[in-house]
Amino acid sequence: MRGKRSSIPEFEKRQGMGVSIFDRLVSKETGEQERKPFHPTPYRRKFSELELSGAELKERDPHDGKTVDAFVQFLKESYRARYKRALDGEMRPMKAEAQFFLSEDRMNAYACLLPPENGGDELTLEEFLGDLHYEGIQYGILQEEIRQEFALGHLHIFPVARGKPPLAGEDGKVTELFQRRRNMRLEVQNGSDVDFGQDVQLQPIRKGAVICLIRLPKAGTDGMDVTGQVIPCPQAVGARVPRGKNTVIGRGGQALTANVDGILYIENDQFCIHEQKIIDGDVDQFQGALQVSGNLYIGGNVDGGVDIEASGEIVINGRMGEARVVSTGGTVRVQKGIYGVNGRTLLTAAGQVQSPVVEWAEIDAGTSVIAETVSNSTIRCGGTVYVMSGRGMIADSLIRAGDSILCLRVGNLAGGRSRFSVGYPTHIPETWRRIKAELAEAQATIEKLWEPITSLRRKGTRISDVEESLLAQLVEQRDLYIEKREALTAELKNVNKALDRKSKGRIRCEKLYPCLEVQIGRATEEITTVEENCNIHVEESGILLN
């Protein structure tokens with residue numbers, strides 16, 4: 001014990017830490033027994049050096065400040081324990097010591113030299129590097145930096161190794177070159193759904209056209225921490241390619257392309273193609289007759305007396321002039337209007353007909369017709385004729401609608417005549433007129449035959465062979481016309497039954513200029529005055545306008 005007590009002041013003297021005057025005064029004034037002097041934390045200065053070194057390192061390399069703070073705390077504890085061991089026992093020399101510390105992710109390693117104690121030896125650079133190796137720090141050794149930093153001496157914190165972070169690859173990517181339109185065909189429910197001011201909401205596409213560009217995934221590079229452990233890079237993911245019906249991945253997997261001609265549309269978040277015939281430009285007399293199985297898209301005009309027939313829908317993105325166009329199973333849309341030639345512009349559709357302008361044309365639509373202007377034309381449709389947008393005008397036209405006719409205006413200031421029939425199948429009024437005309441003709445013929453037949457019969461036995469032969473022929477003709485009259489009468493009876501059924505068909509317009517001839521069933525009416533807010537329909541008493 002005596003040797004230990006005598007050695008403490010000597011050690012403190014070596015450390016430059018003698019007993020303070022304050023300790024001596026307190027001991028004398030209190031009269032306490034001699035006790036071990038109070039040491040004012042002999043390693044506080046060392047701690048300050050560590051904190052200063054840590055602050056400098058964080059300022060130089062701020063991305064890992066949390067690790068540096070933790071290392072500083074660890075070094076303080078290590079130095080405190082080392083200092084206590086230096087005071088114990090015989091105070092043997094303690095060699096300088098290297099301390100190492102890893103960041104939590106093992107991507108950075110730091111070191112610090114603790115000073116020797118009790119006259120111990122310094123640590124050489126070779127010994128330091130050996131300690132680094134045996135601590136398991138094997139990768140990313142900062143050789144040149146270590147030589148420079150090691151020379152700065154004790155209590156200096158510096159990096160000794162840095163790992164290589166994994167280099168992420170690139171995920172696959174799809175760049176879409178077309179809009180995601182949902183329309184694969186023309187589907188219109190009523191007149192308010194068509195806006196002729198917009199392009200046709202269909203996207204024609206040719207076989208081989210690129211729908212999407214595809215960037216293939218690019219693999220990344222694995223990283224490695226300072227202990228030599230591999231850090232796998234995230235796996236690059238291939239892009240989801242929106243491949244649907246009639247599309248194919250080509251160009252080495254870098255493009256989604258069309259596999260057929262047709263209309264491009266989106267379904268279930270995938271690009272699909274509704275196969276159909278595509279004609280990019282105009283169609284005229286040089287193409288001759290054109291027959292298509294399926295749908296047909298024409299990018300330009302149709303004119304020159306061409307004859308077109310398709311079993312599906314027909315879209316004409318330009319104008320229609322002198323031509324015959326027939327869709328036996330779908331809808332026909334003429335985007336820029338029908339400007340026809342009287343008697344030589346015919347358009348027939350099993351479904352609907354859509355055109356902003358109908359001039360000098362004959363239209364036969366299975367369901368309905370939608371337009372903005374109709375003039376000098378004949379329209380027959382099984383449903384409703386809508387002329388509700390734009391000018392909304394019908395002038396000098398014959399329209400027979402199985403349901404109703406809805407428009408903004410009938411006629412114009414220049415006058416003219418239109419004829420409308422509504423509420424019955426389009427063939428009924430025409431059939432009724434035809435039967436009545438044929439019946440009148442048959443009756444007139446029968447009456448004409450009565451006189452010569454009666455005259456020849458009066459001759460009795462005086463009739464010659466020639467006259468008798470003529471009489472037989474006249475009687476045969478009369479009988480044939482009587483049979484025809486009976487057949488026409490029966491047919492007229494059935495047509496009258498259809499016409500006698502009460503119709504809900506109406507004609508509605510905001511303005512009506514004379515003259516308009518209206519037929520609803522067997523009732524007819526001619527309107528020769530200017531009317532506003534018209535609702536023309538049939539009641540028990542006949543046609544009403546209110």
Side-chain angles (χ1 to χ4, degrees), residues 172-188 194 198-216 238-284 286-302 306-320 323-336 347-355 366:
K173 181 181 178 182
V174 170
T175 302
E176 299 176 1
L177 305 182
F178 285 81
Q179 294 182 18
R180 288 177 156 248
R181 292 184 175 175
R182 299 192 176 276
N183 293 5
M184 62 178 285
R185 62 177 72 236
L186 295 170
E187 296 179 355
V188 177
V194 176
Q198 295 183 351
D199 291 335
V200 180
Q201 293 297 302
L202 299 176
Q203 292 189 112
I205 192 168
R206 286 287 194 177
K207 181 178 180 180
V210 176
I211 303 168
C212 301
L213 295 174
I214 304 170
R215 186 184 72 191
L216 299 176
R240 177 188 172 278
V241 180
R243 178 187 175 188
K245 180 182 177 182
N246 290 325
T247 65
V248 64
I249 296 177
R251 301 190 180 184
Q254 298 186 54
L256 178 68
T257 62
N259 203 32
V260 296
D261 291 347
I263 299 298
L264 182 68
Y265 67 100
I266 202 79
E267 183 177 71
N268 297 327
D269 210 31
Q270 294 179 327
F271 281 108
C272 304
I273 298 175
H274 185 58
E275 186 174 4
Q276 70 180 62
K277 175 75 173 177
I278 302 290
I279 298 177
D280 294 323
D282 298 338
V283 178
D284 52 30
F286 297 106
Q287 276 79 16
L290 179 63
Q291 285 194 322
V292 176
S293 176
N295 300 315
L296 173 63
Y297 181 95
I298 300 172
N301 302 322
V302 173
V306 68
D307 194 322
I308 298 172
E309 184 172 320
S311 62
E313 296 166 352
I314 299 176
V315 176
I316 301 171
N317 208 31
R319 293 187 174 195
M320 177 179 171
R324 175 181 173 270
V325 175
V326 178
S327 168
T328 60
T331 291
V332 177
R333 174 161 175 149
V334 185
Q335 178 66 15
K336 295 184 180 178
L347 192 155
T348 301
Q352 189 176 78
V353 171
Q354 306 169 10
S355 176

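Note that this is a predicted model, so its numbers are computed, not measured.
With Thr257 as reference, Val248 is the one residue of Ile205, Thr247, Ile211, Val248 to meet the side chain to side chain contact (heavy atoms under 4.5 Å, CB included) rule.
In this structure, the side chain of Asn301 does not engage the main chain of Asp282 through any donor-acceptor pair within 3.5 Å.
Contact detail for Ile273 and Ala258: the closest heavy-atom pair is CD1-CB, 3.2 Å. In this structure, Gly244 and Cys272 approach most closely via the heavy-atom pair CA-SG, 3.8 Å. Listed here is the closest heavy atom pair of His274 and Tyr265: N-CE2, 3.5 Å. Across Ile278 and Asp280, no two heavy atoms sit closer than the pair CG2-OD1, 3.7 Å. What you find for Phe178 and Val210 is that their closest heavy atoms are CE1-O, 3.2 Å. Scanning both residues, Pro242 and Arg180, for their nearest heavy atoms gives CB-NH2, 4.3 Å.
Rounding to the nearest 0.5 angstrom, the gap separating the CD atom in Gln291 from the OG atom in Ser311 is 10.0 Å. Rounded to the nearest 0.5 angstrom, Glu176 CD and Leu213 CG are separated by 10.5 Å. In this structure, the separation between CD on Glu313 and CG on Asn295 is 5.0 Å, given to the nearest 0.5 Å. Distance check: Asn246 CG to Lys207 NZ gives 10.0 Å after rounding to the nearest 0.5 Å. In this structure, Arg319 CZ and Ser355 OG are separated by 10.0 Å, a value rounded to the nearest 0.5 Å. Here CE of Met184 is found 7.0 Å from CD of Glu267. Values are rounded to the nearest 0.5 Å.
For the pair Arg181 and Leu202, the minimum side-chain heavy-atom distance is 4.5 Å or more. Using a 4.5 Å heavy-atom cutoff, the side chains of Ile266 and Phe271 are in contact. Residues Ile263 and Pro204 are in side-chain contact: their nearest non-hydrogen atoms beyond the backbone lie under 4.5 Å apart. Looking at Ile298 and Ile308, their side chains come closer than 4.5 Å, going by heavy atoms from C-beta outward. By the 4.5 Å heavy-atom criterion applied to side chains, Thr328 and Glu309 are counted as neighbours. Within the 4.5 Å cutoff, no side-chain heavy atoms of Val174 are placed close to those of Leu256. Inter-residue side-chain proximity for Val334 and Leu347 is flagged as met; some heavy-atom pair is nearer than 4.5 Å.
Summarising the local packing, CZ of Arg251 is surrounded by 12 or fewer heavy atoms from other residues, nucleotides or ligands at distances under 6.0 Å. The local environment of CZ in Arg240 is crowded, with over 12 non-hydrogen atoms from other residues, nucleotides or ligands closer than 6.0 Å.
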